Q: 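Sharing a structure here in C-alpha cells format.
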Amino acid sequence: MQIKNTARLVAFLLLSSCSYHVEKVAELDDKSLSSGAQWFAGLNTKVFGPKCARCHSTEWVGDYEATFAIVGKIAARIQSSDASFQMPPPGATPLTPGERAAVLDWIARGAPKDAGGTPPPPPPPAPPALTFAAVKAKVFDLKCIRCHDTDFDTFEHTSPLLKDIEFRVQAMGTDDQMPPARATQLTEDEKKQLLDWIHAGAPET
C-alpha cells in the first residue's frame with residue numbers, strides 16, 4: 001500500500017512539474033513574441049508563418065500589402081467562436097493567447113509595416129456595381145421613381161428606354177433634360193454610374 005501511494009505521489013509531482021514547465025515555456029514564448037512582433041516582419045515570422053502559411057501562403061502570408069488589406073477580417077476571425085468562421089479552424093494548431101494578443105495589438109496600432117514606416121492608405125472603394133439592381137437603388141429610386149414609377153420598377157420596363165435615358169441625362173440646360181430643372185439633379189457620381197451601366201450594355205445582373 002505504501003509503495004502504491006508513493007508511486008501515485010511521484011506521478012502527481014511529475015505531472016504537476018510538467019504542467020508548470022509547459023505554462024512557463026508558454027509564458028516565455030509569449031514574452032519573446034511581444035518583443036519581436038511589433039512590426040509586420042516579426043509578426044509574420046512568429047505567427048502568420050507558423051500558423052497561417054499552410055493554407056494562406058499564396059494569398060497574403062509574407063505580403064504586407066495583402067495582409068494589410070484584410071486586417072479587419074483577420075481580427076474578426078481570430079476572435080470568433082463560430083467554428084465555421086474562426087481561424088485557425090478547428091483541428092488546426094490554435095493561436096496561443098499571446099499570439100492572438102500580439103496580432104490584435106498590431107492591428108489596433110494601425111498594422112505598421114516597420115518601426116519607421118506608416119501603414120499604407122486604405123484601398124480605394126470598389127467601383128459601383130454595373131447591374132440594374134445597383135443602378136435602380138442608387139439612381140432611379142432616388143431621383144426618378146417619383147415621376148416614373150412604372151418606367152424603372154423592373155429591368156423589362158427600363159431596357160427599352162435606354163437611348164432616351166442616355167440622351168436626357170446629358171441634355172442639361174435644355175427642355176429635354178432629366179431630371180427636369182425644377183427637380184433634384186443627379187450628382188456626377190450618379191450620372192457616371194448610370195451612363196457607365198448603359199455603355200457596358202446595361203447588364204441586368
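Quantities reported herein were computed from a predicted structural model and do not represent experimental measurements.
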Q: First locate atom NZ of Lys192, then atom NE2 of His199, and finally report the distance between them rounded to the nearest 0.5 Å.
A: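 With rounding to 0.5 Å, NZ (Lys192) is 10.5 Å from NE2 (His199).
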Q: Contact between His56 and Met87 at the side-chain level, heavy atoms closer than 4.5 Å - yes or no?
A: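 Touching, per the 4.5 Å side-chain cut-off.
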Q: Is a side-chain N or O of Glu166 found less than 3.5 angstrom from the main chain of Leu162, in a donor-acceptor match?
A: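 Here the side-chain-to-backbone pair does not exist.
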Q: Got a second to check how far Glu204's CD is from Thr154's OG1, nearest 0.5 Å?
A: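 Between atom CD of Glu204 and atom OG1 of Thr154 there are 8.5 Å.
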Q: Could you tell me whether the side chain of Val135 reaches within less than 4.5 Å of the side chain of Thr131, counting heavy atoms only?
A: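 They are not in contact (no side-chain heavy atoms under 4.5 Å apart), so the answer is no.
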Q: What residue pairs, at least two apart or across chains, pass salt bridge (Lys or Arg N to Asp or Glu O under 4.0 Å) with a residue in residues 154-165?
A: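 Those involving residues 154-165 are Asp164-Arg168.
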Q: Taking C-beta and beyond as the side chain, do Trp39 and Lys113 meet within less than 4.5 Å on heavy atoms?
A: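 SC-SC contact between Trp39 and Lys113 ruled out.
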Q: Check the pair Trp60 / Phe48 against ring pair (Phe, Tyr, Trp, His ring centres under 6.0 Å), numbers first and verdict last.
A: CA-CA 9 Å; Trp60 55 269; Phe48 298 146; 5.1 Å; yes
Q: Hey, does Leu194 have a side-chain heavy atom less than 4.5 Å from the side chain of Phe140?
A: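 A side-chain contact exists here, since the closest heavy-atom pair is under 4.5 Å.
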Q: Under 4.5 Å between side-chain heavy atoms, counting indirect links through other Ile/Leu/Val/Met/Phe/Trp/Tyr residues: same cluster for Ile70 and Phe85 or not?
A: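 Different clusters: Ile70 never reaches Phe85 through Ile, Leu, Val, Met, Phe, Trp or Tyr contacts under 4.5 Å.
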Q: Please report the shortest heavy-atom distance between Ala111 and Tyr64, naming the atom on each side.
A: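 In terms of heavy atoms, the two residues are closest at O-OH, 2.5 Å.
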Q: Determine, step by step, whether Asp63 and Glu65 satisfy the side-chain contact (heavy atoms from CB on, under 4.5 Å) criterion, reporting the C-alpha distance in whole Å, the side-chain angles of both residues, the deciding distance to 0.1 Å, and the verdict.
A: CA-CA 6 Å; Asp63 184 332; Glu65 283 71 22; 3.6 Å; yes
Q: Determine whether Val71 and Val47 fall in the same hydrophobic cluster, where Ile, Leu, Val, Met, Phe, Trp and Tyr are linked whenever their side-chain heavy atoms lie under 4.5 Å apart.
A: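 Linked within one cluster.
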Q: Sequence neighbours left out, what pairs pass ring-ring contact (aromatic ring centres under 6.0 Å, His included) with at least one residue falling in residues 155-184?
A: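 Applying ring-ring contact (aromatic ring centres under 6.0 Å, His included) to every pair that reaches into residues 155-184, excluding sequence neighbours, yields Phe132-Phe155.
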Q: What I'd like to find out is whether the side chain of Pro88 reaches to under 4.5 Å of the side chain of Thr93, using heavy atoms alone.
A: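 Not touching, per the 4.5 Å side-chain cut-off.
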Q: Where the side chain of Arg100 meets the backbone of Gln79, is there a donor-acceptor pair that is under 3.5 Å apart?
A: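 Here the side-chain-to-backbone pair does not exist.
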Q: Between Trp106 and Pro112 (side chain of the first, backbone of the second, donor and acceptor by atom type, cut-off under 3.5 Å), is there such a pair?
A: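 Confirmed, Trp106 side chain pairs with Pro112 backbone.
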Q: To check you understand the geometry: which heavy-atom pair defines the closest contact between Ala83 and Pro90, and what is its length?
A: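 Looks like O-CD, 3.5 Å.
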Q: Do Lys138 and Glu190 touch side chain to side chain, with heavy atoms closer than 4.5 Å?
A: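 No, every pair of side-chain atoms sits at 4.5 Å or beyond.
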Q: Quick one: are Asp153 and Thr158 in side-chain contact, heavy atoms under 4.5 Å?
A: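 SC-SC contact between Asp153 and Thr158 ruled out.
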Q: May I have the step-by-step check of side-chain contact (heavy atoms from CB on, under 4.5 Å) for Thr67 and Ile74, ending in yes or no?
A: CA-CA 9 Å; Thr67 304; Ile74 292 172; 4.0 Å; yes
Q: Between Leu130 and Pro203, what is the shortest heavy-atom contact and its length?
A: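 So the minimum-distance heavy-atom pair works out to O-CG, 2.9 Å.
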Q: Would a distance-only check, ignoring hydrogens and angles, find a side-chain to backbone donor-acceptor pair under 3.5 Å from Thr45 to Ala41?
A: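 Judged by distance alone, yes, a pair lies under 3.5 Å.
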Q: Flag yes if more than 12 heavy atoms outside Lys136 fall under 6.0 Å of its NZ atom; otherwise flag no.
A: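 Check passes, neighbour count above 12.
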Q: Which residue pairs pass the salt bridge (Lys or Arg N to Asp or Glu O under 4.0 Å) test when at least one of the two sits in residues 49-62, sequence neighbours left out?
A: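 For residues 49-62: Lys51-Glu99.
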Q: Write down the atom of Pro50, the atom of Asn44, and the distance for their closest heavy-atom approach.
A: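 The pair with the smallest heavy-atom distance is CD-O, 4.0 Å.
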Q: Would a single hydrophobic cluster contain both Leu95 and Val61, if residues Ile, Leu, Val, Met, Phe, Trp and Tyr are joined by side-chain heavy-atom contacts under 4.5 Å?
A: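 Val61 and Leu95: one cluster.
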Q: Are Trp197 and Val139 linked, directly or through intermediate hydrophobic residues, by side-chain heavy-atom contacts shorter than 4.5 Å (ILVMFWY only)?
A: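 Same cluster: Val139 reaches Trp197 through Ile, Leu, Val, Met, Phe, Trp or Tyr contacts under 4.5 Å.
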